[in-house]
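Below is one structure, written out as structure tokens, with a few remarks after it.
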Protein chains: 2
Amino acid sequence: MTLPSTYADRNCSLARSLEIVGERWTLLIIRDAFFGVRRFGDFATQLKIPRAVLTNRLKLLVQEGVLIRDEEATGGVEYRLTAKGVGLWPVVRAFMNWGDTFYSPSGVKRAQRHDQDGGLLDREGRCQDCGLAVPVPEIRIEPGPGFCRTDSDLDPVSNAINTPRRLLEPIVRPRTPSAGEGELSATRSTGRAD
Amino acid sequence: MTLPSTYADRNCSLARSLEIVGERWTLLIIRDAFFGVRRFGDFATQLKIPRAVLTNRLKLLVQEGVLIRDEEATGGVEYRLTAKGVGLWPVVRAFMNWGDTFYSPSGVKRAQRHDQDGGLLDREGRCQDCGLAVPVPEIRIEPGPGFCRTDSDLDPVSNAINTPRRLLEPIVRPRTPSAGEGELSATRSTGRAD
DNA sequence: CTCCCCAGTTCACTCATTGAACTGACGCGT
DNA sequence: ACGCGTCAGTTCAATGAGTGAACTGGGGAG
């Protein structure tokens, strides 16, 4: 696909990984999925990514088992991270750590907490209160000291993902305000990370 | 540059990081740098990357302070990771872990050891013998159980980086066969990772 | 002077990305 | 039934980046 086939030897798992998630936009799509974005249109508007590209990326990610595509009873389509996709959290975290360290002098842009006890997570995702390696669905993410609040954010989707929330929890869309969206899959069997 | 400018909000360090190292080839260049590749021509032949692209990537990486470009006394040019570049090791490691987990059923393609005591490193880079978080220059990398030995490897550069070696140690090039390349910069003050 | 190595450039070709408009399925209110 | 809005996904012309091969130009060695 994007990989020039000879994307380095087969003997490098880095190269292999990049073949799947190394294309432009892909990791941002996955980040959004961690933040609870699930709908085609939400990915498109939040990332401002051309819909044709989004279609391609989602197709590849589904094909590789990073996402699953769910046609809901309501007719809606949802893309959700599989266990394999959740396994990418350390990658996302490592990128965030690096960016925070070298491009965010005023502190991390997003802080991570253990939802159960409110403890801050260290760079490796361990809760500084209870000492556990926190599984992804128990991670609560919230704006950190380096976050630049643009008073009225942009679209509702961006606003939603900038609100303190647990990872993987679907964003609440202003549409269908009080429907039965309450606790659908809740803590699904999204497997454990890492 | 490659980033469509509106590469998501400024409030995401993931997006910021991807602006620097998210382009095609870039992370492979950095991986090679960790493995001791330093010369323009070596990057080009090992990665089989068009030289024009390599020029662009190196230029950006130098500009961002991920690499430094050294004109040696001998007239040679060397690209080396800065501390900021070494800080990308957790990113590289996370990608390798993921690729090993999901695309290398027979085990990791490259094993990491603590050079001082030979202990294997866990996924977070901690030595299982001494328990320390091993700084990058002390990490020894070697073919693991998932490594596919293609008997006569390809170019000498690929052969070199598939040989057990410490990270950041410059590869020995068949050129100048028995020069004083032995223990040059050794454990440089390349800072500590993470 | 000549040959070779090496970093980097040039250039024509191809292919992916872009952005905007469009399609078609579905659900809802009247 | 009808029209309307939403949503997933497609189409398409224009742009831009990646590709590969050939070329430039400087330095060292014989």
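The figures here come from the full heavy-atom set of this structure, side chains too, leaving out hydrogens, waters and symmetry mates. Residue numbers begin at 1 in each chain, while the letters A, B, ... track the order of the sequences.
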With a 4.0 Å limit, can you tell me whether B/Arg57 has a side-chain N or O closer than that to the phosphate oxygens OP1/OP2 of D/dG18?
yes
Length of the line joining B/Leu61:CG and C/dG8:P, which is rounded to integer Å
13 Å
For the side chain of B/Arg39, starting at C-beta, report the closest nucleotide among C/dC6, D/dT10, C/dG8.
C/dC6
What is the distance, to the nearest angstrom, from the CG atom on A/Asn56 to the C1' atom on D/dT11?
13 Å
To the nearest angstrom, how far is B/Leu47 atom CG from D/dT19 atom P?
11 Å
Side-chain donor/acceptor of B/Arg51 to base of C/dA7, under 3.5 Å
yes
Using whole Å, report how far CG of B/Leu58 lies from P of C/dC6.
16 Å
Using a cut-off of strictly less than 4.0 Å, decide whether B/Trp25 has a side-chain nitrogen or oxygen near OP1 or OP2 of D/dT19.
yes
Check whether B/Asn97 reaches the backbone of B/Arg123 with its side chain - one donor and one acceptor, N or O, closer than 3.5 Å.
yes
Considering every strand and a 4.0 Å limit on heavy-atom distances, what is the contact class for A/Phe43: base, sugar-phosphate, or nothing?
nothing
Exactly one candidate in A/Thr45, A/Leu54, A/Val77 meets side chain to side chain contact (heavy atoms under 4.5 Å, CB included) with A/Phe40; the answer is A/Leu54
Rounding to a whole Å, what distance do you find between A/Ile49:CD1 and C/dT17:P?
9 Å
May I have the distance from B/Phe40 (atom CZ) to D/dG27 (atom P), rounded to whole angstrom?
18 Å
Among A/Leu47, A/Val37, A/Leu88, find the residue that satisfies the side chain to side chain contact (heavy atoms under 4.5 Å, CB included) test when tested with A/Arg31.
A/Leu47
Whole angstrom value for the distance that separates C1' of D/dT15 from CZ of A/Arg24:
12 Å
For the pair made of CG in A/Leu54 and C1' in C/dA16, what is the distance, rounded to whole Å?
16 Å
Looking at every strand, decide which applies to B/Ala44 at a 4.0 Å heavy-atom threshold: base, sugar-phosphate, or nothing.
nothing
Reckon B/Lys59 has a side-chain N or O less than 4.0 Å from the OP1 or OP2 of C/dT9?
yes
Would you indicate which nucleotide in D/dT19, D/dG9, C/dG8 comes nearest to any side-chain atom of B/Arg69?
C/dG8
Checking the side chain of A/Asp100 only, and the main-chain atoms of A/Ser104 only, is there a donor and an acceptor separated by less than 3.5 Å?
no
Counting only side-chain nitrogens and oxygens, does B/Thr55 get under 4.0 Å of the OP1 or OP2 atom of C/dT9?
yes
Want to settle it: does A/Gly76 or B/Ala52 sit nearer the 5' end of DNA chain D, counting the closest nucleotide to each?
A/Gly76
Do B/Leu81 and B/Trp89 have side chains that approach each other closer than 4.5 Å (heavy atoms only, starting at C-beta)?
no
Looking at D/dC7, I'd like to know if its phosphate oxygens (OP1 or OP2) sit under 4.0 Å from a side-chain N or O belonging to A/Tyr79.
no
